[in-house]
2 protein chains.
Amino acid sequence: MPAETDERYHHGNLRAALLAAAEQTARESGVDALSLRDLARQVGVSHAAPRRHFPDRQSLLDALAVNGFQRIDTELRAAVARAGDDFVARLKALTQTYTRFATRDAALLELMFSRKHGENADVFLAAAQPSFTLLEDLLQEGQVQGVLREGPIDQIGIVLFATMHGIAAMTNGHLAPPDLLEGLANTAVEQFVRGAGRA
Amino acid sequence: MPAETDERYHHGNLRAALLAAAEQTARESGVDALSLRDLARQVGVSHAAPRRHFPDRQSLLDALAVNGFQRIDTELRAAVARAGDDFVARLKALTQTYTRFATRDAALLELMFSRKHGENADVFLAAAQPSFTLLEDLLQEGQVQGVLREGPIDQIGIVLFATMHGIAAMTNGHLAPPDLLEGLANTAVEQFVRGAGRA
DNA sequence: CCCGGATGTTGGCGTTGACTACATAAGTAG
DNA sequence: CTACTTATGTAGTCAACGCCAACATCCGGG
């Protein structure tokens with residue numbers, strides 16, 4: 001064991017350390033408060049070290065966002081699995097989990113849905129895809145069980161996803177009271193099930 | 001007429017000019033590209049002049065957002081009035097107008113729903129209120145006409161607003177293809193009307 | 001007429017993102 | 001073991017920015 005003097009020339013895990021520090025700082029103080037130089041200080045490296053791992057500030061933010069999509073996908077799948085077999089219960093679990101995540105990590109959400117990545121749009125889409133697929137698979141369950149009417153699952157999925165996301169976004173933007181969050185999410189699901197239900 | 005030499009000491013309308021320049025720059029290059037110094041240059045004043053009207057950068061962004069709420073409210077009301085008497089048609093007009101505005105002025109929308117105003121949250125809420133009220137009034141029409149079932153209008157309104165907003169946000173974030181925008185908005189309204197319709 | 005508040009200017013401080021040149025570590029082939 | 005190569009971190013610099021304070025100019029009411 002090479003004597004962790006904290007003075008090794010190479011950090012050994014800088015990229016991950018920077019992302020971790022960034023995530024915490026973002027959660028506490030917002031994305032705008034993220035500074036490459038400050039992160040470098042937090043981690044204990046020189047101000048230009050992050051450049052080896054993130055060519056510019058935006059690319060760090062992008063990595064953060066992609067991480068976010070992966071984390072939320074994990075949480076969503078766990079929640080759906082935990083919710084049992086009932087279709088509506090599963091849908092509510094997904095919605096609640098999403099809105100809760102999105103309000104807990106508001107800064108991260110803002111990053112994930114930021115429009116500052118015309119370039120890497122495909123990377124973001126790929127990162128988000130698993131969760132979209134999860135929702136679409138769930139909706140298909142609903143159709144097979146006869147709870148939902150037939151229809152273009154992808155479009156319906158986007159609309160429902162948009163509703164979840166919008167509820168979270170409005171809450172984060174202080175345009176909807178936080179204590180309504182849970183109720184709104186449930187109302188949304190119930191209306192959706194009636195609206196997309198078999199006639 | 002006092003010889004517009006463009007060399008008057010006082011600009012005369014700096015605040016409005018700054019906001020106008022900011023709005024255009026934001027639309028073209030995003031909010032992050034907004035710099036007080038650059039705006040000052042665009043308008044032809046010294047780099048510290050904006051400070052007289054906006055104590056700091058955030059307060060300019062706030063003013064921009066409030067302007068946005070006012071503009072969208074105007075557009076929404078015009079669209080609803082223009083849509084005739086049919087409830088669903090009016091609702092669709094509102095939704096289409098909102099999503100179109102929100103995708104055309106994506107940067108502005110990001111500002112309006114940004115969560116960087118824990119302080120002035122009430123100012124933002126007040127700015128957004130008219131449009132919320134517009135939607136709620138419309139929903140009440142629906143209830144009176146018997147198209148919608150009874151229910152808590154405020155909550156239902158937030159959910160529908162969230163759906164509109166979410167569709168716009170996902171489109172702006174490149175997570176939904178732009179050419180679906182119109183179709184998604186209509187699907188959302190149709191499902192909503194079925195979901196919140198009389199049983 | 002002048003005086004005070006409103007508005008704009010000049011200069012400057014500290015921080016940041018980005019860039020370049022250099023230093024050190026780690027891996028690999030001879 | 002050594003020499004070469006690549007990955008990673010350091011040091012120094014630059015232009016731009018936000019914010020601040022001191023000064024200049026304008027304008028309207030006493």
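Below, each value reflects all heavy atoms present in this structure, side chains not excepted, and no hydrogens, waters or symmetry copies. All of these numbers come straight from a predicted model, not from anything done at the bench.
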Could you check whether atom [atom1] of [X] has more than 12 heavy atoms from other residues, nucleotides or ligands sitting under 6.0 Å from it?
{"X": "B/Asp122", "atom1": "CG", "answer": "yes"}
{"X": "B/Asp179", "atom1": "CG", "answer": "yes"}
{"X": "A/Gln145", "atom1": "CD", "answer": "yes"}

task: Kindly state which residues belonging to residues 32-43 of chain A come within less than 4.0 angstrom of DNA chain C, counting heavy atoms of the residue only, listed by number.
output: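 Of all residues in residues 32-43 of chain A, the ones placing a heavy atom under 4.0 Å from DNA chain C are A/Leu34, A/Ser35, A/Leu36, A/Arg37, A/Arg41.
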query: Using a heavy-atom distance cut-off of less than 4.0 Å, which residues of residues 47-58 of chain B contact DNA chain C?
result: B/His47, B/Ala48, B/Ala49, B/Arg52, B/His53
query: Which salt bridge (charged side-chain N to carboxylate O under 4.0 Å, His left out) pairs, counting each pair once, include a residue from residues 45-64 of chain B, with sequence neighbours left out?
result: none
field: Divergence of helical axes at both termini of the helix from C/dC1-D/dG30 to C/dG30-D/dC1 - five pairs an end, 10° steps
entry: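 Answer rounded to 10°: the end axes differ by 10°.
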- prompt: Could you give the CG-to-C1' distance, from B/Leu14 to D/dC26, as a whole number of Å?
  reply: 14 Å
- request: Specify the separation, in whole Å, of atom CG of A/Leu61 and atom C1' of C/dG17.
  value: 12 Å
message: I want to know whether B/Phe192 and A/Phe192 have ring centres closer than 6.0 Å.
response: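 No: the rings miss the under 6.0 Å criterion.
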query: Do B/Phe113 and B/His165 have ring centres separated by under 6.0 Å?
result: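 Close enough - the centres of the two rings lie under 6.0 Å apart.
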- request: Using the six-membered ring wherever Trp is involved, compare the ring planes of A/Phe161 and A/Phe132 and label them parallel, tilted or perpendicular (cut-offs 30° and 60°).
  value: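 Perpendicular, since the angle between the ring planes exceeds 60°.
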field: Modelled atom types, side-chain donor and acceptor of B/Gln42 and B/Asp38, under 3.5 Å
entry: yes
query: Looking at residues at least two apart in the chain, or sitting in another chain, which of them share a salt bridge (Lys or Arg N to Asp or Glu O under 4.0 Å) with B/Arg115?
result: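 So B/Arg115 forms a salt bridge (Lys or Arg N to Asp or Glu O under 4.0 Å) with A/Glu110.
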Ignoring hydrogens and angles, write down the donor-acceptor pairs under 3.5 Å from the side chains of residues 74-81 of chain A, residues two or more places apart or on other chains.
| residue | atom | partner | partner atom | Å |
| --- | --- | --- | --- | --- |
| A/Thr74 | OG1 | A/Gln70 | O | 3.0 |
| A/Arg77 | NE | A/Asp73 | OD1 | 3.3 |
| A/Arg77 | NE | A/Asp73 | OD2 | 2.9 |
| A/Arg77 | NH2 | A/Pro130 | O | 2.9 |

